[in-house]
Amino acid sequence: MRQTWADITFVHWAVDPALVAPHLPPGTRPDVLDGATYVGLIPFRMEHAGFGVGPRVPWLGDFLETNVRLYAVDDAGRHGVVFASLECQRLLVALGARAVTGTRYTWARMRTSRERDRVRYETRRRWPGPRGAASRMDVTVGAPVAEPSPVEQFVTARFGLHSVVAGRTLWIPNTHEPWPLRRATLDRLDDDLVAAAGFGDLAGTPPDSVLHSAGTYTEFGLPARLRT
């Protein structure tokens, strides 16, 4: 698969790896930086999604998405993302992705708006439960990041996905160019999604990192099964 992730905001909290470990697929463990791992809340626009070398998928290939994501590493040393939940505007996309990739896609009513450097993201879950779980995020986009810090590199430079399909843990490789990152300020966050994913009132505490990017083009490769 190939797609563009656009107008994306990365909000992250540093947490004890023991909090994340129960949420990871078999054969993986929390990916750790300086004794901590991270929980991310990440809204963006998916654009021009398609398969292989074929054309982009009309309508279904363009939608809003908001992820709660975690960070894992397997015994082969492959560092990747684990999605705790993924809100999506398109029901067919949510159903298809759940069946094919094992990711926890949900169907949601979503919208975003931008006025100069201020961006707003809004979502409310339709299916499955907890129905009505919602998130509203307002951010102000700031100056470019000339050189990402170790934390900024850790939460954005991710080149794969760990997921469970039919009881088997898979590694799905991903390639993309470095993110054109900018600093950002979180002006408002009213969020149920982080708690619905199993992380309590984490969204009620100040995040440790807030970044924004205009986006990047990315491609997913064929999955490989982990030996567990």
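Below, all heavy atoms of this structure are taken into account, side chains as well, without hydrogens, waters or symmetry copies.
Taken to the nearest 0.5 Å, the OG atom of Ser209 stands 9.5 Å off from the CZ atom of Phe10. From Ser85, atom OG reaches atom CZ of Arg69 across 12.5 Å, with rounding to the nearest 0.5 Å. The CG atom of Leu64 sits 9.5 Å away from the OH atom of Tyr121 when rounded to the nearest 0.5 Å. Within the model, atoms OG1 of Thr123 and CG of Asp192 stand 10.5 Å from one another, a figure rounded to the nearest 0.5 Å. From Arg182, atom CZ reaches atom OG1 of Thr9 across 12.0 Å, with rounding to the nearest 0.5 Å.
Among the candidates His12, Arg158, His162, His79, the single residue satisfying the side chain to side chain donor-acceptor pair (under 3.5 Å) test with Tyr71 is His12. Looking at Arg136, Arg118, Arg120 one by one, the single match for salt bridge (charged side-chain N to carboxylate O under 4.0 Å, His left out) with Asp187 turns out to be Arg118.
For the pair Pro17 and Gly35, the tightest heavy-atom approach, listed with the atom from each and the gap, is CD-O, 3.5 Å. In terms of heavy atoms, Pro43 sits closest to Thr66 at CB-OG1, 3.5 Å. In plain terms, the two heavy atoms of Leu186 and Pro207 that are nearest each other are CD2-CG, 3.8 Å. The two residues Ala203 and Leu189 come nearest to each other via the heavy atoms O-CD2, 3.8 Å. Of all the heavy atoms in Pro173 and Leu222, the pair that sits closest is CD-O, 3.2 Å. Of all heavy-atom pairs spanning Gly198 and His23, the tightest one is O-NE2, 3.9 Å.
Tracing side-chain contacts under 4.5 Å through hydrophobic residues (I, L, V, M, F, W, Y), one never reaches Leu70 starting from Leu226; they form parts of separate clusters. When hydrophobic clusters are built by joining Ile, Leu, Val, Met, Phe, Trp and Tyr residues whose side-chain heavy atoms come closer than 4.5 Å, directly or via intermediates, Leu193 is not grouped with Leu86. When hydrophobic clusters are built by joining Ile, Leu, Val, Met, Phe, Trp and Tyr residues whose side-chain heavy atoms come closer than 4.5 Å, directly or via intermediates, Val15 is not grouped with Val151.
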Notebook entry, point to check: What do the steps show when you test Asp31 against Phe154 for side chain to side chain contact (heavy atoms under 4.5 Å, CB included), and what is the final call?
Noted result: CA-CA 9 Å; Asp31 200 356; Phe154 182 90; 3.8 Å; yes

Notebook entry, point to check: Does the pair Val119 and His212 meet the rule for a side chain to side chain contact (heavy atoms under 4.5 Å, CB included), with working shown?
Noted result: CA-CA 10 Å; Val119 188; His212 184 83; 4.3 Å; yes

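A ring-centre distance under 6.0 Å is not found for Trp13 and Phe199.
No side-chain donor-acceptor contact under 3.5 Å links Arg125 to the backbone of Ala108.
When the shell of 6.0 Å around CZ of Arg168 is examined, it contains 12 or fewer heavy atoms from other residues, nucleotides or ligands. Around CZ of Arg114, the count of heavy atoms belonging to other residues, nucleotides or ligands within 6.0 Å exceeds 12.
Between Arg29 and Asp75 there is a salt bridge, with a side-chain nitrogen of the basic residue lying less than 4.0 Å from a carboxylate oxygen of the acidic one.
The shortest side-chain heavy-atom distance between Arg109 and Arg126 falls under the 4.5 Å cut-off.
Using modelled atom types, one finds a donor on one side chain and an acceptor on the other under 3.5 Å when comparing Thr106 with Glu87. Between the side chains of Thr218 and Asn174, at least one donor N or O lies within less than 3.5 Å of an accepting N or O. Under the 3.5 Å distance criterion, with hydrogens and angles disregarded, a donor-acceptor pair is assigned to the side chains of Tyr105 and Glu65.
Using cut-offs of 30° and 60° for the angle between ring planes, the Phe44 and Trp5 rings count as perpendicular.
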